[in-house]
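A short write-up of the structure that comes next.
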Amino acid sequence: MAVRTLILALFLCLLLSIFTTSHGYKTHRRGRPCKELSFYFHDILYKGHNRDNATSAIVAAPDWGNRAEFSGPFDFGYLVVFDDPITLDNNLHSTPVGRAQGMYVYDQLSAFSAWLSFSFVFNSTEHKGTLNFAGPDPIVDQTRIVSITSGTGDFFMARGIAILTTDAYEGNYFFRLRVDIKLHECWE
């Protein structure tokens with residue numbers, strides 16, 4: 001009876017190991033990423049008179065501020081939502097491959113810094129689905145890293161990092177980021 005139970009347990013372990021390795025999931029925690037992509041996203045803040053061109057807006061401000069212009073030290077306390085175009089190059093007028101949708105909040109009293117939470121929503125023929133990002137953004141650093149926490153569609157359950165590089169900016173009202181994506185967990 002004990003031998004029969006042992007054989008049954010080994011058989012179930014074998015089936016479980018076949019099932020868990022046959023569905024195409026790759027993990028690359030060290031070494032090369034399983035997928036690398038680069039995109040640009042372009043943010044144009046609403047400033048009271050550019051409604052047709054704006055892709056982001058201040059939706060919450062501290063008591064001393066207003067919703068059309070930043071004020072106060074390091075823009076602390078402002079919450080901005082955005083729906084920015086994603087392109088393959090740094091030209092704002094290039095054909096978008098998706099949208100960057102989410103928010104950032106200026107979260108420090110002593111430095112220009114924001115906390116980001118956003119998704120890339122892809123709608124191109126090459127990519128379908130979403131990638132979700134979260135993390136701190138020390139704005140004065142030329143290059144910063146945020147986490148890719150999950151995805152859908154072509155990026156189902158993907159995880160990795162995004163390296164954000166400021167490509168261009170004009171004061172508080174326009175910036176363009178280059179986003180280099182390195183996925184270390186991918187489904188195939």
Side-chain angles (χ1 to χ4, degrees), residues 24 26 28 32-59 67-70 78-106 112 114-188:
K26 281 189 181 178
H28 294 269
R32 295 189 53 148
C34 49
K35 189 176 282 191
E36 295 184 70
L37 306 161
S38 291
F39 300 100
Y40 290 82
F41 80 86
H42 313 263
D43 187 83
I44 303 168
L45 185 67
Y46 174 70
K47 52 185 176 181
H49 58 79
N50 62 336
R51 185 177 126 189
D52 294 337
N53 197 29
T55 61
S56 63
I58 300 169
V59 296
R67 291 192 186 157
E69 190 171 323
F70 290 111
Y78 285 92
L79 173 65
V80 177
V81 296
F82 60 90
D83 184 10
D84 297 337
I86 304 168
T87 60
L88 294 174
D89 61 19
N90 64 0
N91 184 347
L92 173 62
H93 303 291
S94 294
T95 303
V97 296
R99 306 292 293 183
Q101 299 171 334
M103 65 179 175
Y104 52 95
V105 60
Y106 290 94
F112 278 108
W115 194 87
L116 302 169
S117 177
F118 65 98
S119 297
F120 275 8
V121 180
F122 293 98
N123 59 6
S124 70
T125 55
E126 189 174 345
H127 301 294
K128 299 269 191 232
T130 64
L131 279 172
N132 302 309
F133 304 79
D137 181 19
I139 297 165
V140 294
D141 294 349
Q142 177 66 24
T143 301
R144 34 286 174 216
I145 297 173
V146 297
S147 298
I148 297 173
T149 58
S150 64
T152 64
D154 293 345
F155 308 102
F156 181 69
M157 291 184 62
R159 287 191 288 188
I161 60 169
I163 301 167
L164 308 178
T165 306
T166 303
D167 187 61
Y169 69 93
E170 294 175 19
N172 286 333
Y173 296 102
F174 171 79
F175 66 83
R176 178 176 54 236
L177 295 179
R178 177 185 168 105
V179 181
D180 293 311
I181 295 169
K182 298 182 185 307
L183 299 178
H184 290 273
E185 294 187 14
C186 305
W187 284 74
E188 291 186 347

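What you see below is based on every heavy atom in this structure, not just the backbone, and it leaves out hydrogens, waters and symmetry mates.
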Subject >> Candidate pair Leu116 and Leu164, rule side chain to side chain contact (heavy atoms under 4.5 Å, CB included), full reasoning >> reply: CA-CA 11 Å; Leu116 302 169; Leu164 308 178; 3.7 Å; yes
**OP:** Could you give me the CA-CA distance, side-chain angles and deciding distance for Phe39 and Leu131, then say whether side chain to side chain contact (heavy atoms under 4.5 Å, CB included) is met?
**Re:** CA-CA 12 Å; Phe39 300 100; Leu131 279 172; 5.9 Å; no
Subject >> Derivation of the side chain to side chain contact (heavy atoms under 4.5 Å, CB included) call for Asn123 and Val121 >> reply: CA-CA 7 Å; Asn123 59 6; Val121 180; 6.0 Å; no
**OP:** In sequence, state the C-alpha distance, the side-chain angles, and the governing distance for Leu177 and Thr166, and then conclude on side chain to side chain contact (heavy atoms under 4.5 Å, CB included).
**Re:** CA-CA 5 Å; Leu177 295 179; Thr166 303; 3.9 Å; yes
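Taking all atoms of both residues into account, the shortest heavy-atom contact from Met103 to Phe118 is N-CB, 4.5 Å. In terms of heavy-atom proximity, Tyr40 sits nearest to Arg178 at OH-NH1, 3.0 Å. Closest non-hydrogen pair, Asn50 versus Leu45, comes out as ND2-O, 3.1 Å. Summarising the geometry of Ala134 relative to Thr149, their closest heavy-atom pair is CB-CG2, 4.4 Å, with the distance given to 0.1 Å. Closest approach of Ser119 to Phe133, counting heavy atoms only: CA-CD1, 4.4 Å. Considering every non-hydrogen atom in both Leu88 and Ser38, the closest pair reads CD2-O, 4.3 Å.
A distance-only check finds no donor-acceptor pair linking the side chain of Asp84 to the backbone of Ser56 [under 3.5 Å]. Side chain of Ser147 to main chain of Gly135: no donor-acceptor pair is present (N/O by atom type, distance under 3.5 Å, no hydrogens or angles). Between the side chain of Thr130 and the main chain of Phe120, no donor-acceptor pair closer than 3.5 Å is present.
Here CG of Asp43 is found 10.5 Å from CG of Asp83. Values are rounded to the nearest 0.5 Å. Summarising the geometry, atom CZ belonging to Phe156 is positioned 13.0 Å from atom SG belonging to Cys186; distances are rounded to the nearest 0.5 Å. Distance check: Leu183 CG to Met157 CE gives 13.0 Å after rounding to the nearest 0.5 Å. Note that CZ of Phe155 and NE2 of His127 are 5.0 Å apart. Values are rounded to the nearest 0.5 Å. Rounded to the nearest 0.5 Å, atoms OG1 (Thr165) and CG (Asp180) are 6.0 Å apart. Between the OH atom of Tyr173 and the CD1 atom of Ile44 there is a distance of 14.0 Å, given to the nearest 0.5 Å.
Arg176 has its side chain out of reach of Leu92: every pair of non-hydrogen atoms, C-beta onward, lies at least 4.5 Å apart. No side-chain heavy atom of Ser150 sits under 4.5 Å from any side-chain heavy atom of Arg159.
With a 6.0 Å radius and a threshold of 12 heavy atoms from other residues, nucleotides or ligands, His93 has its NE2 atom at or below the threshold. Within a 6.0 Å radius of CD in Gln142, more than 12 heavy atoms belonging to other residues, nucleotides or ligands are found.
Comment: Asp137 engages Arg144 in a salt bridge, judged by a side-chain N to carboxylate O separation of less than 4.0 angstrom.
Using bins of under 30°, 30° to 60° and over 60° for the plane-to-plane angle, the ring pair Tyr104/Phe82 lands in the tilted bin.
Checking each of Asn91, Asn90, Asp89 against Thr87 for a side-chain contact (heavy atoms from CB on, under 4.5 Å) leaves exactly one that passes, namely Asp89.
Between the side chains of Thr55 and His42, no donor-acceptor pair is found at a separation under 3.5 Å.
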